[in-house]
Amino acid sequence: MTSATAGTGLTGADFEKFRDYFYKRTGIQFSESKRYFVDKRIDNCIRASGYDSFAGWFGALRLGDKPALLQELINQLTVNETYFLREDYQFDALLNAVLPEVLKNRSRIPGPIKILSLPCSTGEEPYSIALRLLEEWPHIDTVDVEIHGADIDSEVLARARHASYGERSLQRVPKPWVAKYFNLVGAGRYQLDESIRGAVTLHQINVCDTATMRNFRDFDVVFCRNVLIYFDELSSRRAAENLYGSMRPGAYLFLGHSESMSRISPIFTPTRLPEGIVYQRPTGAK
Amino acid sequence: MGLVRRNAEPEPQTMGPGDLLAQLDDPDPDRRREAALGLEAESAVEVLLDRVATEDEPRVRDAMLTTLAAHDTDAVAAGLAVHLASDDAGLRTGVAEALASMPESVPAIIPRLLEDPDHDVRVMAAMVLADLQHPEATTWLTVMIKDDPHPNVVASAIDALLPSLGPEHTELLERAVRRFPDDPFLRFTVEAALR
């Protein structure tokens, strides 16, 4: 297939080469059906980088001496739409079932409870966790909690740090919470208070990158929702292994409602809660 | 007490292949698992292939298989395929799952697996084909249903073909039942598939 699409002049062979390259770098694979989505964003990247052809831009990308090219590409091709308190039945599960269990086992473990949100996109998920804990978890005044957010996309992380959101993103946040934790900074835009922004630590990581993920350890709870569905089988397995390594024995993993770890890897134990399935890193060997 | 920020980035842990190879002998399975996952270099393939069958901790073995499958080479495919005959159900299932995620190298060994004298190996081959992303996968399964002399293999191939089954397969399945008229499980499998 050598057909080209408008804009990029990308041929079928170019698309194949690009797809292989991007998969090897990120673990994310695009099918032919995503061609329009990919072409449009590659076109944006070529224009932004100053190259006048796919060949020149792709050559520079593969050479690797301009890391900004790859980062811009990742930023363009990762899907980042989210909002506060999305799929919040899982936050109910966190408060009602998971954290009580974590607390029960904590007498043996020093240090704060650690929660990881990955990918955190523009911050709505880790900040939602922070709000739910502050407003609804009675132990928050007696227990230290560390919340971390991580994403592969540097652009969304910058927006997460700024933490300024439109009304659509905040539509599920109770009005009193908006009044208490957000400051109006423009027409229909609200910035999360520094007391919350400053309490969440953000990192740039690729969940498929074992060497980087090795530095993330001892999390009690991990939210990794709606990302594994973008990975092929092998990348999902590696991501699952890396998530496992980041968790304490007995720690809990939340996936998106349409995702199932049983289709990816047998290393986690599924646990049924009233609010749905959560996965646990087993506590013992074998 | 309350929300606390961790100001420092986690300390980067740099580990070379030598450290990771040594860590494969660690008595702590979590340390061995970490090593297996980190040994991504081509040079570690032989060591991982040597150890995958003797490692008795499933989570370590799964990590080895994840690392090996990423190479997707003829040597890894051949090195793993021998374990489809293993008596260890966990090993042979893990190997089948790993092989199914190796679309570059595994197709070349499929014809040999379909001719394997051990029907249990052919059952595992059907399992590999169930998830292998390859245009010939359906054809191979069809051949197994049509020609394999063992009913368990035929039933496994039907099971693997289920997601792609269409009206064009009805005659093929009915013929399979006729080939093994005394096998109630195969009859049940076909009836369920045709429903």
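Note: hydrogens, waters and symmetry copies are ignored here, and every other heavy atom, side chains too, is used. As the structure is a computational prediction, the values presented were derived from the model and not from experiment. Chain A is the first sequence line, chain B the second, and so forth, proteins listed ahead of strands; every chain is numbered from 1.
Heavy atoms closer than 4.5 Å to chain B are found nowhere in A:D232, neither backbone nor side chain. Contact annotation for A:E146: both backbone and side-chain heavy atoms come within less than 4.5 Å of a heavy atom of chain B. When heavy atoms are compared at a cutoff of 4.5 Å, A:I113 does not approach chain B at all.
Chosen from B:Q133, B:M102, B:E40, the residue pairing most often with chain A at heavy-atom distances under 4.5 Å is B:E40.
Enclosure of atom CG in B:D25 by more than 12 non-hydrogen atoms of other residues, nucleotides or ligands within 6.0 angstrom is indicated. The neighbour count for A:E16 CD, taken as heavy atoms of other residues, nucleotides or ligands under 6.0 Å away, is above 12. No more than 12 heavy atoms of other residues, nucleotides or ligands sit less than 6.0 Å from atom CD of B:E115. When the shell of 6.0 Å around CZ of A:R248 is examined, it contains more than 12 heavy atoms from other residues, nucleotides or ligands.
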Decide yes or no on salt bridge (charged side-chain N to carboxylate O under 4.0 Å, His left out) for A:R263 and B:D131, but give the supporting numbers first.
CA-CA 11 Å; A:R263 298 170 67 95; B:D131 291 317; over 6 Å; no
Full working for side chain to side chain contact (heavy atoms under 4.5 Å, CB included) between B:D30 and A:R281
CA-CA 12 Å; B:D30 279 329; A:R281 173 174 166 162; 2.6 Å; yes
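The pair B:R33-A:E241 counts as a salt bridge, with a side-chain nitrogen and a carboxylate oxygen less than 4.0 angstrom apart.
In the model, A:R238 has no side-chain atom that pairs as donor or acceptor with a side-chain atom of B:T66 under 3.5 Å.
The two residues B:S101 and A:L234 make their nearest non-hydrogen contact at OG-CD1, 3.8 Å. Closest non-hydrogen pair, A:P266 versus B:D62, comes out as CG-OD2, 3.3 Å.
Looking at A:V200 and B:L3, their side chains never come closer than 4.5 Å, going by heavy atoms from C-beta outward.
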